[in-house]
Amino acid sequence: EPPPPPSAPGSGDVTHKARFLVPPNLSTLETIPVTVAGSLSLRLRVSANGQVADITVVRADPIPDAMLDGILAALRQTRLEPARAGTEAVASDLDMVIRYEPSIPLDH
């Protein structure tokens, strides 16, 4: 009797997480004045075709609105390799943290 076939991951069992094909370009944000250090925790909902379908701000230290808007806009335009359950591309969540430092001296 032949051995049973290897078990395939069930739907929803992610075997490979989504990952950036090219890192998002955040260089345009370097011109925005930032007076404090902090971090921004985000959850990206990545569709099965590798597009950012939704972004949730999980936690944010004080951050200039222009910088937050720029980060979110850059991430929405980014393409990712979707997560996989076995060989099937599936939608998934990808958590990320962006850290930032002051860009202008505090004595001005």
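If you're wondering where the values come from, they're calculated on a predicted model, not measured in any experiment.
- Proximity of Ile63 to Ile71: side-chain heavy atoms (C-beta onward) are separated by under 4.5 Å at one or more points.
- Residues satisfying the side chain to side chain donor-acceptor pair (under 3.5 Å) test with Arg76, not counting sequence neighbours, are none.
- For Ser47, the side chain to side chain donor-acceptor pair (under 3.5 Å) partners two or more places apart in sequence, or in a different chain, are Asn49.
- Listed here is the closest heavy atom pair of Gly86 and Thr15: N-OG1, 3.0 Å.
- In this view, Ala73 satisfies the side chain to side chain contact (heavy atoms under 4.5 Å, CB included) rule with no residue, not counting sequence neighbours.
- Heavy-atom minimum distance, His16 versus Val14: O-CG1, 3.2 Å.
- The side chain to side chain contact (heavy atoms under 4.5 Å, CB included) check on Ala60 picks up Leu40, Val57, with sequence neighbours excluded.
- Atoms OG1 and CD, on Thr78 and Gln51 in that order, are 11.0 Å from each other to the nearest 0.5 Å.
- Here the closest non-hydrogen pair linking Ser92 and Ala18 is OG-CB, 3.8 Å.
- For the atom pair CG (Leu72) and CG (Leu44), the distance works out to 9.0 Å, reported to the nearest 0.5 Å.
- Closest non-hydrogen pair, Pro24 versus Ala74, comes out as CB-O, 4.4 Å.
- The structure places OG1 of Thr56 at 8.5 Å from CG of Leu42, a figure rounded to the nearest 0.5 Å.
- For the salt bridge (Lys or Arg N to Asp or Glu O under 4.0 Å) condition, the pairs that include at least one residue of residues 14-26, sequence neighbours left out, are Arg19-Glu81.
- Under the 4.5 Å side-chain heavy-atom criterion for Ile, Leu, Val, Met, Phe, Trp and Tyr, Val46 and Met96 are members of the same hydrophobic cluster.
- Legend: residues meeting side chain to side chain contact (heavy atoms under 4.5 Å, CB included) with Thr87, ordered by chain and number and at least two apart, are absent.
- Of the inter-residue distances, the one linking Glu88 atom CD with Asp13 atom CG reads 11.5 Å to the nearest 0.5 angstrom.
- Partners of Arg43 by salt bridge (charged side-chain N to carboxylate O under 4.0 Å, His left out), not counting sequence neighbours, listed by chain and number: Asp95.
- Atom OG1 of Thr35 is separated from atom CD of Glu101 by 12.0 Å, given to the nearest 0.5 angstrom.
- One finds the CG atom of Leu75 at 5.0 Å from the CD1 atom of Ile55 (value rounded to the nearest 0.5 Å).
- By the side chain to side chain donor-acceptor pair (under 3.5 Å) test, Asn25 pairs with Ser27, sequence neighbours left out.
- Of all heavy-atom pairs between Pro64 and Pro33, the closest is CG-O, 3.6 Å.
- Asp93 pairs by the side chain to side chain donor-acceptor pair (under 3.5 Å) definition with Arg45, not counting sequence neighbours.
- Applying the salt bridge (Lys or Arg N to Asp or Glu O under 4.0 Å) test to residues at least two apart or on different chains, none of the pairs has a partner in residues 23-41.
- Arg99 is linked by a salt bridge (charged side-chain N to carboxylate O under 4.0 Å, His left out) to nothing, counting only residues two or more places apart in sequence or in another chain.
- Residue Leu29 comes nearest to Gly70 through the heavy atom pair CD2-CA, 3.6 Å, listed as atom of the first residue, atom of the second, then distance.
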